[in-house]
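Comments concern the structure below.
Chain identifiers are assigned alphabetically (A, B, ...) following the order of the sequence lines, protein sequences preceding nucleic acid strands; residue numbering begins at 1 within each chain.
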Amino acid sequence: MSPEDPLKIMRHSTAHIMAQAVQELYPEIKISIGPAIENGFYYDFDRDEPFRPEDIERIEARMVEIIKADLPFTCSNISKKEAYNLFKERDERYKLELLDEIKEDTVTIYKQGSFIDLCRGPHLSSTGKVKAFKLLSIAGSYWRGDEKNKMLQRIYGTSFPSKEELDDYLNRIEEAKRRDHRRLGKDLDLFSMDDEIGSGLINWHPNGAMTRSVIENFWRDEHYKNGYQIVYSPHIAKVNLWHTSGHWDFYRDNMYSPMDIDGTDYIIKPMNCPFHIKIYKNRLRSYRELPIRWAELGTVYRYERSGVLHGLLRVRGFTQDDAHIFCLSDQLNEEISRVLDFTLYILRSFGFMEYEVHLSTRPDKYVGSVKNWEKATEALESAIKRSGLCYNIDHGEGVFYGPKIDVKIKDSIGRSWQCSTIQVDFNLPEQFAITYIGEDGGAHQPIMIHRALMGSLERFFGCLIEHYAGAFPLWLSPFQVILLPITDSQIPYSNRIVEELKRHTFRVDIDSRNEKLGLKIREAQLRKIPYMLIIGDREVKSNTVSVRKRGDNDLGSMEMEKLIYMMKEEIESKGVV
RNA sequence: GCUGGUGUAGCUCAAUGGUAGAGCAGCUGAUUUGUAAUCAGCAGGUUGUAGGUUCAAGCCCUAUCACCAGCUCCA
């Protein structure tokens, strides 16, 4: 959205109207900033009393009056000095702080009614141009986003050119709630968390675990095909290992406390890399062996602050689909390209076609040489370019040990979550002094690439649930087929069908309860099972099954052979069109 | 971690400071059923936890835990 986007202008103006209403109702508050954002706007206020739902109603009512009054928005250029005096007089200390940082000699201020704001604009011509708005939520937010600063009160809202569009948006929010993975995780009996176990720790139920095991098997097969070898490593290690790696110094706050074993401190692992490095170092390595690609579904534990935990998307214990590539300098480009292609292949296999790609470059605090950073960053960027993806460069956002590519997937309400990451690491090879023997007979340091395609299985599964709204494609569905005998007398025949499907490795269930067909169909539908096979006397006599596909499609009766062929085709294609 | 909100049956939710209730799910029985809910009966609770105020607390107060929204953070 450009600053001139009409919707953005209207939302920004609505934010000003809200600020006016707030200031008129609560003269003691101080205003700070209030921009338009992706789906609306917010304004941050400094007020000792928190806003309550009743306040929101009052503010909305006042806003309606302001809009009705159709006050003009007027813009004026004044000198910085004048602006300083103006906001000084109004005791708007946040505005004064902002003014201090403006380099130009003149600034623009916008005014409507009694309200004046330091603002670049542009705005609507008058308040009456706002046709439909709603205040959505109240939240705390730190002044200038810094947790050392005072926490302000933020009010979120949105506005649209018409009532219909606003209602449409509100409906979409409701719709999104229905595909929330936490809701569906409960409804479909996929996973749970428990107070007595602890926050951010996931129990995978049989249904969720079935899908997870399908994902893991697919992952392993594809890694084998792509030249990786699978490794396994322990869950705990001596704390000294983490001193060597440097993690203890940098990430102590996110690591769990040591436990004493025979007088030595051990900690539960927050990463897998040091273990893979130790496998590398277990014997002398030759340049002829490189690149080495080692992958592991490694379960790690990290302390996350209580307020950030979120269903499966942000947890304290998770399994990374981790891998480390050790390669020669002149293999770097090729390896990064391969990893990126592999990443996209995996994401597309799961039906994710839209994501954000970020390239993060050298931060202020870094290890390694500038030359190496540049080389690695170029390798990453050219791989993205070759893939044809759009990407953003996050300058200085790289980790201290190397540049990285992140791929993010969006959840049902538009929040994006990092899944894939490809990182070059200049730190660990140095810390652990890993080498290979080169053609020249001398020892050299290999380049290390750290990568995760799905990121964590927990987060990936959460995104997957929301992406499909719980209706997984056939290959991922916990149950693929359910048999629905109409009466007891078809149970023996149905059981034979179950056995036949199981022989073909389908995941199959049978509903042989003494219930009406309508109920069985309803419940199978709610369980989002892709295929329902209805078995009545007709089917038994003709040695067929009546096939109903999830959704609403009665496909009519069918020979088993045909059904099995059809489903195998569908599994093969992964349901990705 | 911070700001605010919410915790009542497996789930979704009721209940002026005065006897904790409904629907669905569960169990039992009847019904043998043809493409999204058959009927009846039964059972289900230390109201997140620990204190406190009160003659009396699901409701008020304090602490604590968890969850929700946002902020900050995310190797």
- prompt: Expressed in angstrom and rounded to an integer, what is the separation of A:Arg178 atom CZ from B:U12 atom C1'?
  reply: 15 Å

query: Are any of A:Arg183's side-chain N or O atoms less than 4.0 Å away from OP1 or OP2 of B:C68?
result: no

- prompt: What is the nucleic acid contact for A:Ser489, judged by heavy atoms within less than 4.0 Å: base, sugar-phosphate only, or nothing?
  reply: nothing

task: Measure from the side chain of A:Ser546, starting at C-beta and using heavy atoms only, and say which of B:A36, B:U35, B:U32 lies closest.
output: B:U35

message: In whole Å, measure the gap between the P atoms of B:A57 and B:U64 for me.
response: 24 Å

Check: A:Glu304 side chain, B:G1 base, donor-acceptor under 3.5 Å: no

- prompt: B:A25 P sits how many Å from A:Asp189 CG, rounded?
  reply: 16 Å

message: Could you check whether A:Tyr391 and A:Glu381, counting side-chain N and O atoms only, form a donor-acceptor pair closer than 3.5 Å?
response: yes

message: Within the 3.5 Å criterion, strictly below it, is a donor on A:His450 or A:Gln423 matched to an acceptor on the partner's side chain?
response: no

message: Using Watson-Crick or G-U wobble geometry with both distances under 3.5 Å, which nucleotide pairs with B:A14?
response: none

message: Any donor-acceptor pair under 3.5 Å linking the side-chain atoms of A:Ser233 with those of A:His276?
response: no

message: Any donor-acceptor pair under 3.5 Å linking the side-chain atoms of A:His358 with those of A:Glu356?
response: yes

message: Across nucleotides 2-9 of chain B, 5' to 3', mark each nucleotide with B, S or - according to how protein heavy atoms within less than 4.0 Å reach it.
response: BBSS----

task: Take atom CZ of A:Arg451 and atom P of B:A75, then tell me their distance rounded to the nearest Å.
output: 17 Å

- request: Compare side-chain N and O positions of A:Tyr156 against OP1 and OP2 of B:C71 and report whether any pair is under 4.0 Å apart.
  value: yes

- prompt: Got a sec? Which of residues 239-256 of chain A come in under 4.0 Å of RNA chain B, heavy atoms?
  reply: A:Tyr251, A:Asn254

message: Any base atoms under 4.0 Å from A:Tyr401, or only sugar-phosphate, or nothing? Heavy atoms, all strands.
response: sugar-phosphate

query: Checking all strands, does A:Glu515 fall into the base, sugar-phosphate, or nothing category for heavy-atom contacts under 4.0 angstrom?
result: base

- prompt: Going by atom types only, do A:Gln153 and A:Asp46 share a side-chain donor-acceptor pair under 3.5 Å?
  reply: no

- prompt: CD of A:Gln431 versus P of B:A75: gap in Å, rounded?
  reply: 18 Å

query: Is it the case that more than 12 heavy atoms not belonging to A:Lys562 sit under 6.0 Å from its NZ atom?
result: no

query: Which base, if any, makes a Watson-Crick or G-U wobble pair with B:G29, both distances under 3.5 Å?
result: B:C39

message: Does either side chain, that of A:Asp189 or that of A:Asn207, offer a donor lying less than 3.5 Å from an acceptor on the other one?
response: no

- prompt: Regarding A:Tyr156 and A:Arg154, is there a side-chain donor-to-acceptor distance under 3.5 Å anywhere?
  reply: yes

- prompt: Just checking A:Arg548: base, sugar-phosphate only, or nothing, at a heavy-atom cut-off of under 4.0 Å?
  reply: base

Residues, nucleotides or ligands: over 12 heavy atoms within 6.0 Å of A:Asp48 CG: no

message: Please report the distance, rounded to the nearest Å, between CZ in A:Arg144 and P in B:G70.
response: 23 Å

So which protein nitrogen or oxygen atoms get under 3.5 Å of nucleotides 58-61 of chain B's nitrogens or oxygens?
none

query: Which base sits across from B:U8 as a Watson-Crick or G-U pair, both distances under 3.5 Å?
result: none

task: Measure from CG on A:Leu184 to P on B:C11 and round the result to the nearest Å.
output: 16 Å

- prompt: Once you round it to whole Å, what is the distance between P of B:C73 and CG of A:Leu309?
  reply: 16 Å

- request: Counting Watson-Crick and G-U wobble pairs only, both distances under 3.5 Å, name the nucleotide matched with B:C59, or none.
  value: none

field: Pairwise P distance for B:A22 and B:A37, with rounding to whole Å
entry: 25 Å

- prompt: Would one find a side-chain N or O of A:Ser199 under 4.0 angstrom from OP1 or OP2 of B:A66?
  reply: yes

message: In whole Å, measure the gap between the C1' atoms of B:A20 and B:A30 for me.
response: 32 Å

message: Under a 3.5 Å cutoff, is there a donor and acceptor pairing between the side chains of A:Ser557 and A:Ser546?
response: no

message: Within the 4.0 Å heavy-atom criterion, would you say A:Arg182 contacts the bases, only the backbone, or no part of the nucleic acid?
response: sugar-phosphate

- prompt: What is the nucleic acid contact for A:Gln490, judged by heavy atoms within less than 4.0 Å: base, sugar-phosphate only, or nothing?
  reply: nothing

- prompt: Looking for any heavy atom pair under 4.0 Å, which part of the strands does A:Gly536 touch: base, sugar-phosphate only, or nothing?
  reply: base

- prompt: Is there a donor N/O on one and an acceptor N/O on the other, under 3.5 Å, for the side chain of A:Arg522 and the base of B:U35?
  reply: no

- request: Sort out the partner of B:U47 for me: Watson-Crick or G-U wobble, both distances under 3.5 Å, none otherwise.
  value: none

message: Please compare A:Gln418 and A:Ile535 by the position of their nearest nucleotide in RNA chain B and report the one closer to 5'.
response: A:Ile535

- prompt: Parallel under 30°, tilted from 30 to 60°, perpendicular over 60°: which one fits the rings of A:His324 and A:Phe326?
  reply: tilted

- prompt: Rounded to whole angstroms, how far apart are CG on A:Leu313 and P on B:C67?
  reply: 14 Å

field: No-hydrogen, no-angle side-chain donor-acceptor test under 3.5 Å, A:Tyr493 and A:Glu539
entry: no

Ring geometry between A:His247 and A:Trp242 (parallel below 30°, tilted from 30 to 60°, perpendicular above 60°): tilted

- prompt: Do A:Tyr26 and A:Asp55 have side-chain N/O donor and acceptor atoms under 3.5 Å apart?
  reply: yes

field: OP1 or OP2 of B:C74 under 4.0 Å from side-chain N/O of A:His310
entry: no

